[in-house]
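This report refers to the structure that appears directly beneath it.
The basis for the numbers below is simple: all heavy atoms, side chains too, and nothing from hydrogens, waters or symmetry mates. In listed order, ligands and their atoms are each counted from 1.
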Amino acid sequence: MTAGFIRTVLGDTSADDFDVVYAHEHVIIDSPLIAAAFPHIHLFDEEDAVTELSECRHSGVGLMLDAMPCSSGRVIDRLARISARSGVAIVAATGLHHDRYYGPLHWSNRVSVDALAELFVADLTEGIDLFDYASPVIERTDHRAGVIKVATSGEHPDARDRRNLEAAAQASVVTGAPIITHCEGGTGAIAQVELLNGWGVAGSQIILSHVDKIADLSHLRDIASTGAVLECDQSLRQADKGVASLTAQAICALVTEGFGSQVVVGTDGARRSLWRSLGGEPGLAWLATELPLILTELGLDVSQISAVMGGNAARALTWKCAPTPSRTAREYP
Ligand SMILES: [Zn+2]
């Protein structure tokens, strides 16, 4: 039995409950900005998501991390219903995404680190706002966030990035919740880890998304040396390449070099063209059914593959300590 718990939208659970974990998913992305500016990732329909996730469930997927944080298209009541109906447990995110999902005038760019951290902590410990922090009215649901998402824009975090990272760190230190980051184009991971470490977050609590967008082994080795968790999510888009998939090869190389406990996988399947339920290919279940076969062909053994496919992510999503629901960031100096 692993100590600690994983906080899903339907309640707390144990890392031992899951064999296959998708560590960077997009189940619902629905906001006016997304519909207008990014229609190819506008995922709004509950029925489609239930169909897609049910197929994943039948393929062994037990848990998914939904990577849309505050005010970026997160719809918490829909997410909870999709989880209940599909049987796939879902960890929802608080935090803030890349600037392109908000624009320069967004409220989140005009408030303090403490104010942001307080909102993140409330999502984590009390319940995610039904209106996604997009309305002056806040109505907390029973569905709490289980991870803090934060994004940077390049190798060197700018002022917005730093402020959001600091707020994420504050919320993580207060609650024990893990952090998942967005590395734009695969960049920025090491700077993120250095900053978060400086604010008290351990490497094992940091999941770095999209690092395999730069599938260069020396780059990935440098990141792995920080002790943080590398989330590789490009293999679905390389589905037709089989053993020639750069991501599959990078995963293999990292495991072989001794970083086998730090690699997790996801689909980052936000594009509608990847969902079978929407007429796309190969479908989100591909990762659970096909990637293990490719990794086997590349030489990994059963225990190495099971760590990459689920064990590592379940551990990384486990909170460090039990939070006290009434506490807020402001009560902690
Ligand atoms: Zn994503």
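At a cut-off of 2.8 Å, His210 does not coordinate the Zn ion (ligand 1) through any N, O or S atom. Asp268 lies close to the Zn ion (ligand 1), since one of its N, O or S atoms is found at a distance under 2.8 Å. With a cut-off of 2.8 Å, the Zn ion (ligand 1) has an N, O or S atom of His24 in range.
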Verdict with supporting geometry, Asp161 and Ser153, side chain to side chain contact (heavy atoms under 4.5 Å, CB included)
CA-CA 7 Å; Asp161 298 339; Ser153 306; 3.7 Å; yes

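For the residue pair Gln170 and Asp114, a side-chain donor N or O sits within less than 3.5 Å of a side-chain acceptor on the partner.
Aromatic pair His24/His210: ring centres closer than 6.0 Å.
The only option from Arg140, Arg144, Arg7, Lys149 that meets the salt bridge (Lys or Arg N to Asp or Glu O under 4.0 Å) definition with Asp123 turns out to be Arg140.
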